[in-house]
Amino acid sequence: ETVEIERCDLDVKTNSRKHHTELFGEERLIVRRGQPFTVILHLSPGSKEFTPGGTGFTLIVETGPLPRKESDTKASFTLSDSTSETEWSASATSDPSRKTVSVSIASSPNAPIGLYSLEVDQDGQKTSLGQFILLFNAWCPGDAVHMRSETKRQEYVLAQHGQVYRGTHKRIKGSPWNFGQFEAGILDICLKILDDNPKFVSNADQDCSGRRNPVYVSRVLSAMINSNNDRGVLVGEWGEFSGGVHPGVWIGSGDILRQWAESGPVRYGQCWVFAAVACTVSRALGIPCRVVTNFGSAHDTDANLVIENLYDEDGKRISGGDSVWNFHVWVDSWMTRPDLGQEFDGWQTSDPTPQETSEGVFCCGPAPVKAIKEGELTKKYDAPFIFAEVNADVMDLVQLSNGEFVKFSGSTKSVGRFISTKAVGSDDRHDITHQYKYPEGSKEERQVYEKAQHHNKLQQRGAEPGLHLKIKLADNMIVGSDFEVFAVLTNNHMKARTCNFLFFARAVGYNGKLGDGCGFASDKVEVPSGEGERLSLKLDYDSYGAAITSDRLIQLSAITVDKQTIDFCKAEKTIVLDEPQLEIKLLGEATLNQKVAAELTLLNPLPEPLQDCSFTIEGVGLTDSKPITAEIGSVSPKQEAKASIEFTPSTAGSCVLLGNFDSNRLKNIKSFINVTVKESNL
């Protein structure tokens with residue numbers, strides 16, 4: 001005789017509080033693996049009594065389209081006196097009225113994540129008890145993603161708002177981003193990303209089984225956040241943005257993920273967008289994750305750990321495959337690496353921006369940060385490419401008329417600087433360069449580089465030049481203004497030198513891709529021994545305004561050529577034009593479920609009108625998980641753009657309101673304010 005079950009209460013409120021999933025809402029049961037959760041069985045009137053030990057209950061959990069015990073996608077287990085910390089198990093007690101039975105179910109800390117069904121089998125009679133979603137568990141010591149620090153778990157799993165750093169190493173700027181991993185519908189979209197990946201399509205059983213391993217899941221995500229080999233989330237674009245959204249306009253992941261779920265790959269993303277979306281998905285699935293920016297980031301196409309800049313005898317750049325991006329953004333995820341050994345546990349770098357293929361697919365990582373620091377380039381995945389991003393040497397080579405290449409300058413220190421992430425528990429920047437590399441120029445750093453170079457270390461020729469070049473900048477370089485920059489040449493030779501002195505200004509993308517020229521000066525100079533010459537270059541908005549991208553970057557290159565002695569000298573500097581300040585203020589107090597307005601203002605610094613101007617706001621718990629945009633048309637030169645946007649807070653307590661200004665000429669201007677939402681007195 002079986003116990004008759006009238007209904008099953010999944011006790012979502014209590015379970016979600018214990019499993020740190022209450023921010024997902026109370027519509028369904030979402031739990032973290034390796035930790036017990038409780039369901040309450042309500043027995044039908046007249047049912048046989050439940051007696052622990054006397055009632056033959058077998059619980060069955062299944063995930064994926066082809067659940068199998070051999071793949072760990074199916075488990076069946078009977079009731080025990082207590083639950084286990086290492087495998088699927090259950091225990092039960094009935095209440096004094098004998099009308100309900102509380103069943104405590106513990107999942108394995110190595111179980112695949114995903115959507116599960118739960119049923120009970122009594123001597124062949126099966127009863128469905130419902131469904132639940134199982135996530136990785138940073139709170140569980142037996143889980144591969146376990147983090148000991150509660151403040152770090154709050155930051156890297158639960159925080160829905162963060163900072164993404166951009167600019168250059170001399171002018172680092174944090175931009176706010178809404179990760180929004182707990183917004184309605186986002187978790188389902190994250191699970192859909194896993195189900196749409198080509199590995200699932202070709203072998204669903206193997207793919208679902210692999211979801212027990214955060215290394216496997218992170219690698220799948222690094223391929224699926226870009227759309228190069230699949231119907232992934234974002235289309236990368238660094239040039240022409242027609243037919244889509246400019247990457248600088250996005251201020252949160254939710255909009256992107258919802259668009260992808262509705263209509264496929266979203267146009268467009270660049271590295272910080274790829275990384276921020278990857279962080280959202282990782283945190284939603286329970287993997288601790290941080291967004292990392294590397295300033296002076298090398299893209300080494302030929303895997304020789306050297307970035308080669310090639311020039312002809314007139315100082316003009318010869319196009320080549322290698323490049324150094326002003327900054328590049330990726331993600332680090334926290335997990336153990338049983339496949340590599342305990343010393344490689346901890347932060348693992350993954351890069352979802354499509355740059356080079358790995359195992360035939362545009363993905364990169366995860367590679368242990370410890371392996372990058374120690375030059376252990378055989379440790380998978382893709383350690384050589386990531387090592388080069390933070391550690392490559394830069395070499396400038398001139399091609400002589402006989403075809404021979406001669407080194408005339410270079411640097412071992414310009415790549416991999418000020419590696420940055422948001423600090424735990426605050427909006428400050430945390431410099432993590434020391435986690436990726438030994439101090440520049442130190443004995444350890446050079447030893448690691450030489451170890452990494454080993455058999456492909458290049459034989460370099462060429463001596464240190466005796467001419468030295470420096471570029472000096474103006475103090476105030478706000479976009480829209482005219483300003484002057486200088487190249488200073490010093491002659492440290494014993495004799496006077498006669499040189500061609502060239503000074504170029506070109507627009508540049510943050511990925512190092514050169515755009516149109518926007519300034520040029522040249523002179524033939526004779527520099528006495530021990531003295532210097534100065535060449536000035538005026539940068540007018542009329543020249544650079546149409547050339548620059550929304551990154552507002554200009555690359556200055558000064559080159560001197562002494563053809564008699566075959567002496568070449570070069571200096572380079574990338575400048576970031578300052579942007580106008582976006583001011584946000586609340587017009588009144590923010591009260592739960594009551595309309596309030598935010599006023600956004602920005603002064604147009606350009607000597608020309610801005611067209612198609614708009615302000616957008618977004619905030620978790622403030623704008624119903626959707627951006628709200630106010631279009632204001634055109635704004636005259638040196639005039640103020642202003643808009644008031646109403647929103648209705650849906651969550652009490654501390655929230656963050658993000659703002660963005662967009663127009664035809666000025667894009668990607670962001671700011672944020674902290675908002676305290678009060679409970680309504682009604």
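We use all heavy atoms of the structure for the numbers below, so side chains are in, but hydrogens, waters and symmetry mates are not.
With hydrogens and angles disregarded, no donor-acceptor distance shorter than 3.5 Å links the side chain of Ser44 to the backbone of Ser47. A distance-only check finds no donor-acceptor pair linking the side chain of Thr623 to the backbone of Glu618 [under 3.5 Å]. Put simply, the side chain of Thr21 gets close to the backbone of Ile30: a donor and an acceptor are under 3.5 Å apart. No donor-acceptor pair under 3.5 Å is formed between the side chain of Thr676 and the backbone N or O of Ser654. Between the side chain of Trp260 and the main chain of Gly232, a donor-acceptor pair closer than 3.5 Å is present. At least one donor-acceptor pair under 3.5 Å links the side chain of His19 to the backbone N or O of Pro36. Side-chain N or O atoms of Lys422 include none that pairs as donor or acceptor with a backbone N or O of Val164 at under 3.5 Å. No donor-acceptor distance shorter than 3.5 angstrom exists from the side chain of Lys678 to the backbone of Leu592, with no hydrogens or angles considered. One N or O on the side chain of Thr280 and one on the backbone of Ala276 form a donor-acceptor pair closer than 3.5 Å.
Relative orientation of the Phe672 and His161 rings is tilted, given thresholds of 30° and 60° on the angle between their planes. Aromatic ring orientation, Phe182 versus Phe24: perpendicular (interplanar angle above 60°, classes split at 30° and 60°).
Comment: Arg258 does not engage Asp188 in a salt bridge, judged by the lack of any side-chain N to carboxylate O separation of less than 4.0 angstrom. Under the 4.0 Å criterion applied to side-chain N and carboxylate O atoms, Arg68 and Asp205 are assigned as salt-bridge partners. Under the 4.0 Å criterion applied to side-chain N and carboxylate O atoms, Lys626 and Asp255 are not assigned as salt-bridge partners. Between Asp95 and Lys99 there is no salt bridge, since no side-chain N of the basic residue sits under 4.0 Å from a carboxylate O of the acidic one. A salt bridge is absent between Lys13 and Asp11: the closest approach of a Lys/Arg side-chain nitrogen to an acidic carboxylate oxygen does not fall below 4.0 angstrom. Ion pairing between Glu62 and Lys74 holds under the 4.0 Å rule for side-chain N and carboxylate O.
Residues Gln131 and Tyr116 are not in side-chain contact: their nearest non-hydrogen atoms beyond the backbone lie 4.5 Å or more apart. Contact of the Val3 side chain with the Leu43 side chain is registered, since non-hydrogen atoms from C-beta on lie closer than 4.5 Å. At least one side-chain heavy atom of Val120 sits under 4.5 Å from a side-chain heavy atom of Ile5. With a 4.5 Å cut-off on side-chain heavy atoms, Glu376 and Phe344 count as touching. Side-chain contact between Met224 and Pro198: present, with at least one pair of heavy atoms (C-beta onward) separated by less than 4.5 Å. Between Leu622 and Ile617, the closest side-chain pair of non-hydrogen atoms is not below 4.5 Å. Between Val217 and Leu194, some side-chain heavy-atom pair lies under the 4.5 Å cut-off. Taking 4.5 Å as the limit, some side-chain heavy atom of Phe132 sits within range of a side-chain heavy atom of Val61.
Separating the CZ atom in Arg33 from the SG atom in Cys140 is a distance of 8.0 Å, to the nearest 0.5 Å. Of the inter-residue distances, the one linking Ser16 atom OG with Arg32 atom CZ reads 10.5 Å to the nearest 0.5 angstrom. In this structure, OG1 in Thr421 is found 8.0 Å from CD in Glu155, a value given to the nearest 0.5 Å. Atom CG in Leu340 sits 9.0 Å away from atom CG in Asp345 (nearest 0.5 Å). The distance from atom CD of Gln259 to atom CD1 of Ile189, rounded to the nearest 0.5 Å, is 10.5 Å. Of the inter-residue distances, the one linking Leu115 atom CG with Ile133 atom CD1 reads 5.5 Å to the nearest 0.5 angstrom.
Side-chain atoms of Thr73 and Ser71 form no donor-acceptor pair, as typed in the model, at a separation below 3.5 Å.
Summarising the local packing, CG of Asp81 is surrounded by 12 or fewer heavy atoms from other residues, nucleotides or ligands at distances under 6.0 Å. More than 12 non-hydrogen atoms from other residues, nucleotides or ligands lie less than 6.0 angstrom from CD of Glu70. Atom NZ of Lys370 is surrounded by 12 or fewer heavy atoms from other residues, nucleotides or ligands within 6.0 Å. Within a 6.0 Å sphere centred on CD of Glu343, heavy atoms belonging to other residues, nucleotides or ligands number more than 12. Within a 6.0 Å radius of CD in Glu85, other residues, nucleotides and ligands contribute 12 heavy atoms or fewer.
In this structure, Arg283 is positioned above the aromatic face of Phe179, its NZ or CZ under 6.0 Å from the six-membered ring centre and within 45° of the axis. Cation-pi check for Arg219 over Tyr381 is met; the charged atom lies under 6.0 angstrom from the ring centroid and within 45 degrees of its normal. By the 6.0 Å and 45° rule, Lys373 stacks over the aromatic ring of Tyr438.
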Step-by-step side chain to side chain donor-acceptor pair (under 3.5 Å) determination, Glu150 to Trp139: CA-CA 8 Å; Glu150 175 59 22; Trp139 286 262; 2.9 Å; yes

Criterion side chain to side chain donor-acceptor pair (under 3.5 Å) on Asn197 and Asp207, from CA distance to verdict: CA-CA 9 Å; Asn197 101 79; Asp207 178 75; 3.2 Å; yes

Leu285 vs Leu191, side chain to side chain contact (heavy atoms under 4.5 Å, CB included): CA-CA, chis, key distance, verdict: CA-CA 8 Å; Leu285 298 176; Leu191 294 173; 4.0 Å; yes

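Results of the side-chain hydrogen bond (donor to acceptor under 3.5 Å, both in side chains) test with Asp332 over Tyr436, Trp347, Tyr156 single out Tyr436 as the only residue that passes.
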